[in-house]
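Keep in mind it's a predicted model, so treat the numbers as computed, not measured. Computed from heavy atoms alone, side chains included, the values below leave out hydrogens, waters and symmetry copies.
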Amino acid sequence: GQQALQDIKESTKFGGYVIGQAVFNDNDASKVQSNFNLRLIRLYVDGKVLDFQYKLQLQANGFGNDSKGNSPRVVDAWIEWQKFEFAKIRFGQFKRAFTFENPMNPWDIGANGYAQLTSKLAGMSDRVGEHSSNGRDMGVQLQGDFLPIGKDQHKLFHYQFGVYNGQGINKSDQNGHKDYIGGFFVRPIK
């Protein structure tokens, strides 16, 4: 009990960000249009308690005249058992293990955005027949890293396999199908 309280105090982080948008259109000289709005607001809390890491992330978007009524919404809500580095189990709503990029934050990728393939096929648009879910779904996932190599002892292999509802985020499972997704990565350099 004491250790769990200490972990909560030391590791819990609160954060968030706002992304704005400025639009200017002068295609029709008689009707110049400009607009400033908020594209989205994200707030999150994450941390680690004993052998469990957790994250809750909320998003509000679609402000102003273009609001689609899908906001605010839960983006991430998961807990992961991390006792062993080679076998971590995550349950909840989170990014699916589909493509190399999807599990990563787009800000961690060189161009600060996903490749078109990832955007079109990982649940960020309707190309796969589901509503936009930012590449996330409800499910359970096993992932891990093993076989340390090199001077830095980075792990040569990473894997992640999961079973997901197949409905995207914030939707009930309709038992039409499940998504079975996984990846196995070899990292000869860090």
For a side chain to side chain contact (heavy atoms under 4.5 Å, CB included) check, start with the C-alpha distance between His154 and Ile149, then their side-chain angles and the critical distance, and finish with the verdict. CA-CA 6 Å; His154 74 276; Ile149 63 167; 3.6 Å; yes

Determine, stepwise, if the pair Phe14 / Leu43 fulfils side chain to side chain contact (heavy atoms under 4.5 Å, CB included). CA-CA 8 Å; Phe14 294 91; Leu43 301 173; over 6 Å; no

Between Leu56 and Asp46, does a side chain to side chain contact (heavy atoms under 4.5 Å, CB included) hold up when you go through it step by step? CA-CA 6 Å; Leu56 174 64; Asp46 62 22; over 6 Å; no

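Glu10 and Gln6 form a side-chain donor-acceptor contact under 3.5 Å, judged by distance and modelled atom types alone. A donor atom on one side chain and an acceptor atom on the other are not found under 3.5 Å apart for Tyr54 and Ser11.
Counting heavy-atom neighbours within 6.0 Å of Phe184 CZ, excluding the residue itself, gives a total above 12. The 12-atom threshold is not exceeded at CZ of Phe91, counting heavy atoms of other residues, nucleotides or ligands nearer than 6.0 Å. Heavy-atom neighbours of Ile189 CD1 from other residues, nucleotides or ligands within 6.0 Å: at or below the threshold of 12.
Geometrically, Lys55 engages Tyr44 in a cation-pi contact defined by less than 6.0 Å to the ring centre and at most 45° from the axis.
No single ILVMFWY cluster, assembled from side-chain heavy atoms under 4.5 Å apart, contains both Ile79 and Phe94. Leu156 and Phe185 sit in two unconnected hydrophobic clusters of ILVMFWY residues. Membership requires side-chain heavy atoms under 4.5 Å apart, directly or through other members. Trp81 is connected to Tyr159 through a chain of hydrophobic side-chain contacts under 4.5 Å among Ile, Leu, Val, Met, Phe, Trp and Tyr, so both are in one cluster. Both Leu147 and Phe161 sit in one connected hydrophobic cluster of ILVMFWY residues. Membership requires side-chain heavy atoms under 4.5 Å apart, directly or through other members.
Between Gln93 and Trp78 the shortest heavy-atom distance is O-CD1, 3.5 Å. Here the closest heavy-atom approach between residue Thr12 and residue Ile8 is recorded as OG1-O, 2.7 Å. Shown here for Ile181 and Ala97, the closest heavy-atom pair between the two residues is CG2-O, 3.2 Å. The shortest non-hydrogen separation linking Gln141 to Arg96 is OE1-C, 4.4 Å. Taking all atoms of both residues into account, the shortest heavy-atom contact from Leu50 to Ala4 is CD2-N, 4.1 Å.
Here the straight-line distance linking atom CG of Asp51 with atom CG of Asp7 works out to 9.0 Å at 0.5 Å rounding. Asp137 CG to Asn165 CG: the interatomic distance, rounded to the nearest 0.5 Å, is 5.5 Å. Rounding to the nearest 0.5 Å places CD of Glu80 at 9.5 Å from CG of Leu142. Note that the CD atom of Gln82 and the CZ atom of Phe52 stand 10.0 Å from one another [nearest 0.5 Å].
Looking at His158, its side chain does come within 3.5 Å of a backbone N or O of Gly144 through a donor-acceptor pair.
Here the rule is ring-ring contact (aromatic ring centres under 6.0 Å, His included) with Phe146, and of Phe84, Phe86, Phe157 only Phe157 fits it. For the side chain to side chain contact (heavy atoms under 4.5 Å, CB included) test with Lys88, the passing option among Gln53, Gln160, Gln143 is Gln143; the others fail. Screening Asp76, Val18, Val75 for a side chain to side chain contact (heavy atoms under 4.5 Å, CB included) involving Arg42 leaves a single residue, Val75.
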